[in-house]
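Keep in mind that what you see is a predicted model, and the values were worked out from it rather than measured.
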2 protein chains.
Amino acid sequence: MTTIKDIARVAGVSVTTVSRALNGYSDVSKQTRQRILDVAKELNYSPNTVARSLVMKKSKTIGLLVSNMNREGVKDNFTFEILCGLNQASADAEYDLVLFSTTSSKQREKTYTQLCRERRVDGVIIQGIKTDDPYLEEVLQSDIPCVLIDIPIESNTVGYVTTDNVRGAKIAVLHLIEQGHKNIGLINGHSKADVSTRRLQGYVEALEENNLRLKTGWIKNGQFAEHLAEAAALELLTEHPELTAIFCASDLMALGAMKAVGKLGKRVPEDVAIIGYDDILLASYVSPTLSTIRQDKYRLGYEAAMLLINMLENQLESKAKIIDTELIIRESTKKATK
Amino acid sequence: MTTIKDIARVAGVSVTTVSRALNGYSDVSKQTRQRILDVAKELNYSPNTVARSLVMKKSKTIGLLVSNMNREGVKDNFTFEILCGLNQASADAEYDLVLFSTTSSKQREKTYTQLCRERRVDGVIIQGIKTDDPYLEEVLQSDIPCVLIDIPIESNTVGYVTTDNVRGAKIAVLHLIEQGHKNIGLINGHSKADVSTRRLQGYVEALEENNLRLKTGWIKNGQFAEHLAEAAALELLTEHPELTAIFCASDLMALGAMKAVGKLGKRVPEDVAIIGYDDILLASYVSPTLSTIRQDKYRLGYEAAMLLINMLENQLESKAKIIDTELIIRESTKKATK
DNA sequence: GTGAAAGCGCTAACAT
DNA sequence: ATGTTAGCGCTTTCAC
């Protein structure tokens with residue numbers, strides 16, 4: 001493996017000059033630089049980024065702490081789309097992405113800080129973590145630059161990227177109201193997700209603004225899981241036959257709710273209208289197609305990486321980014337024919 | 001940031017001893033080791049893997065060269081499932097995964113070898129590369145250990161993981177034949193994919209063994225893309241109305257074919273039976289549900305990482321792994337009622 | 001059982 | 001414009 005030392009020897013200069021030439025410093029004579037470049041190419045030289053990282057104390061790598069990278073997580077491409085965005089943005093800025101595996105049981109032996117410091121990543125992006133995760137506390141205490149996805153916490157070294165979940169949920173429910181629904185149920189995620197808290201808020205606001213009844217019995221949690229949401233919808237519709245619409249805080253859960261409606265011998269949207277959240281691929285394929293609030297997951301990832309890189313390279317003022325969502329109207333909320 | 005030097009100073013020993021103690025070498029007295037461990041904990045020490053990599057010439061990281069990590073690739077979770085498997089396996093073996101971004105335009109400026117050597121990855125896993133990709137040639141010439149997914153090439157430093165695509169395709173077509181079909185079309189991927197070549201072979205074998213007619217006009221390529229497959233199916237069914245079934249070399253293409261059947265005013269499976277390949281999530285959600293050949297993508301990834309790690313740590317004999325596939329019968333190939 | 005010293009490949013003062 | 005030197009944090013002979 002060729003090193004700059006080899007180049008120096010062959011080119012008849014010192015390693016310093018080689019380093020300077022290769023890194024494009026100005027204080028190298030034109031002919032020397034050319035000679036060095038030629039030799040480097042001739043010897044098929046590749047710089048050793050490890051050695052460089054050691055001395056520079058920067059690795060040009062970003063650590064990724066994502067949940068759902070296990071066998072079970074395969075069902076939604078939510079994480080993957082974010083990953084794609086992250087990947088593209090870091091590629092553009094010439095950063096490498098390293099996946100920290102939080103899946104393994106061993107993993108929890110190490111603290112967040114240990115994890116990051118060992119790998120010498122310049123910064124970290126975290127997605128899919130619950131709000132009561134002990135790591136979160138550490139993130140705030142640590143001095144490692146970090147961007148959180150969908151957890152709006154800001155500090156000196158921590159920023160975040162998310163969508164306006166209150167508004168998204170509100171728009172979803174307003175759409176249902178517009179379709180003539182007055183008794184609207186909610187199947188939410190769980191209390192340890194910030195998005196759930198906010199989507200609940202949006203739901204409440206939409207109802208209140210329209211002077212509609214709001215019963216706690218109409219709200220259940222489905223943990224973002226399809227089958228749990230199915231069970232929740234079953235209960236909801238059995239216990240509260242007055243419900244004519246359900247807002248689900250994720251498309252996967254909406255799918256579960258649709259199944260529940262079917263099992264009760266009812267139809268979507270004629271008997272019960274369903275609207276989801278996310279706009280996953282499945283939403284436009286299921287029958288009836290699912291109305292939903294589209295989140296641009298790719299962009300979520302892209303912006304997260306951009307933000308982090310900006311934090312690393314410039315002293316950034318704003319460390320938060322809110323991304324738009326969009327109402328997608330499909331068949332599952334078609335107005336009931338009176 | 002604490003270093004072993006700090007520990008050495010506080011514990012009153014040399015850095016050598018600290019290194020030995022921390023790495024669990026036997027030739028350190030019990031009390032010295034304990035003292036060092038205590039000091040390390042007290043100083044909140046994390047080892048610097050960069051420094052270690054530099055001297056050890058091993059990084060305990062695996063490079064990932066995956067295609068489809070861009071905005072367009074988001075549609076199928078195929079890559080993601082593989083990623084999950086890779087992630088789990090490397091986590092288990094305490095390797096880190098670093099994503100090489102082949103998406104960026106800059107990327108192609110660097111050769112494969114440069115890419116890998118710069119990052120000092122111990123090995124590489126490649127997925128989604130076409131058989132005429134220039135990188136592939138380099139992989140074989142390079143001495144960097146590498147595992148290919150779905151490209152059966154083996155060398156001293158190169159292994160692969162794949163499924164038996166001939167057999168998978170054959171089983172799919174045999175299933176159609178069993179359902180009474182005699183005129184069976186094929187929508188394949190493209191000629192630069194090894195899996196396509198093999199699935200074609202399986203198709204041919206199945207027909208020949210049953211003395212069924214085989215017309216080149218019945219075969220088209222859909223480039224693994226849904227809309228191209230839809231167009232291909234449209235042509236196929238228009239030009240060859242005798243076809244009563246189509247085998248598609250991917251589920252996404254099968255979805256396109258199903259749309260085409262619909263557009264022609266025909267029904268699946270009554271008029272045209274469709275069988276796909278992969279068993280993506282959508283397959284069990286579309287209507288009618290899609291029969292297919294299931295590939296365990298997670299396992300594909302898991303085994304690829306395991307294989308590579310084995311190649312890195314032991315001198316491995318076998319560098320190939322073939323994973324089973326499975327016929328999944330759903331509605332899209334239900335026997336036509338006579 | 002422990003330490004001194006060398007060196008992994010690179011960058012960065014500080015000379016000259 | 002170029003070279004000398006030191007050092008990043010760690011592992012590893014080789015001595016004692």
Side-chain angles (χ1 to χ4, degrees), chain A residues 1-40 43-61 94 96 113-114 116-122, chain B residues 1-40 43-61 94 96 113-114 116-122:
Chain A
M1 193 110 326
T2 318
T3 72
I4 53 169
K5 219 163 158 181
D6 301 320
I7 300 178
R9 192 168 21 75
V10 175
V13 292
S14 75
V15 292
T16 318
T17 308
V18 175
S19 174
R20 281 196 280 240
L22 259 28
N23 289 301
Y25 280 60
S26 55
D27 54 354
V28 182
S29 80
K30 204 149 184 193
Q31 60 252 43
T32 314
R33 155 166 293 122
Q34 196 50 58
R35 185 151 37 92
I36 289 172
L37 256 30
D38 290 345
V39 174
L43 297 185
N44 195 17
Y45 170 76
S46 307
N48 184 332
T49 53
V50 171
R52 177 182 281 149
S53 297
L54 181 59
V55 46
M56 307 264 278
K57 292 172 184 307
K58 293 233 238 141
S59 59
K60 276 270 205 171
T61 58
E94 308 208 300
D96 276 338
T113 320
Q114 281 174 323
C116 301
R117 284 212 307 228
E118 287 188 14
R119 267 72 163 216
R120 300 290 132 150
V121 293
D122 293 342
Chain B
M1 192 109 326
T2 317
T3 72
I4 53 168
K5 221 165 159 180
D6 300 320
I7 299 178
R9 194 169 17 78
V10 175
V13 293
S14 74
V15 292
T16 317
T17 307
V18 175
S19 174
R20 282 196 279 240
L22 260 27
N23 289 302
Y25 281 59
S26 55
D27 55 352
V28 182
S29 81
K30 205 152 183 186
Q31 58 253 42
T32 313
R33 155 167 293 125
Q34 195 51 57
R35 187 151 36 91
I36 289 171
L37 255 32
D38 290 346
V39 173
L43 298 184
N44 197 15
Y45 170 76
S46 306
N48 184 332
T49 52
V50 172
R52 176 182 282 149
S53 298
L54 181 59
V55 46
M56 305 263 279
K57 294 171 182 309
K58 293 233 238 139
S59 60
K60 276 267 204 176
T61 59
E94 308 208 299
D96 277 338
T113 320
Q114 281 175 323
C116 301
R117 282 212 305 227
E118 287 189 12
R119 268 67 164 223
R120 300 291 133 151
V121 294
D122 293 343

Spacing of M1(B) atom CE relative to dG9(D) atom C1', expressed in whole Å: 12 Å
Phosphate OP1/OP2 of dT2(C) contacted by T17(B) side-chain N/O (<4.0 Å): no
Donor-acceptor pair between S19(B) and T16(B) side chains, under 3.5 angstrom: no
Side-chain heavy-atom pair V18(B), V39(B) within 4.5 angstrom cut-off: no
Minimum-distance nucleotide to I4(A) side chain [options: dA4(C), dC10(C), dT11(D)]: dC10(C)
Contact check, side chains of T61(A) and R119(A), non-hydrogen atoms, under 4.5 Å: no
Check: dG9(C) base within 3.5 Å donor-acceptor of R120(B) side chain: no
Whole angstrom value for the distance that separates C1' of dC8(C) from CG of N48(B): 13 Å
Below 4.0 Å: OP1/OP2 of dT11(C) and any side-chain N or O of S19(A): yes
Residue-phosphate contact under 4.0 Å: T3(B) side-chain N/O, dG9(D) OP1/OP2: no
S59(B) to R120(B) - nearest heavy-atom pair and separation: OG-O, 2.5 Å
Heavy-atom check, side chain of N23(B) versus side chain of R52(B), under 4.5 Å: yes
Upstream residue (5' side of DNA chain D) when P47(B) and R20(B) are each assigned their closest nucleotide: P47(B)
Spacing of R117(B) atom CZ relative to dG9(C) atom C1', expressed in whole Å: 14 Å
Sugar-phosphate, base or nothing in reach of T16(A), heavy atoms under 4.0 Å: base
Those residues of residues 49-60 of chain B lying under 4.0 Å from DNA chain C by at least one heavy atom: L54(B), V55(B), K57(B)
Strand contacts (DNA chain D) in residues 22-39 of chain B, 4.0 angstrom heavy-atom criterion: N23(B), Y25(B)
Note, T3(B) side chain near D6(B) side chain (heavy atom, < 4.5 Å): yes
Test item: L54(B) and N48(A) side chains (from C-beta on) under 4.5 Å apart, heavy atoms: yes
Heavy-atom side-chain proximity of T32(B) to R35(B) below 4.5 angstrom: yes
Which atom of L43(A) lies closest to which atom of T2(A), heavy atoms considered: O-OG1, 2.8 Å
Gap between atoms CD and P, on E118(B) and dG9(C) respectively (whole Å): 15 Å
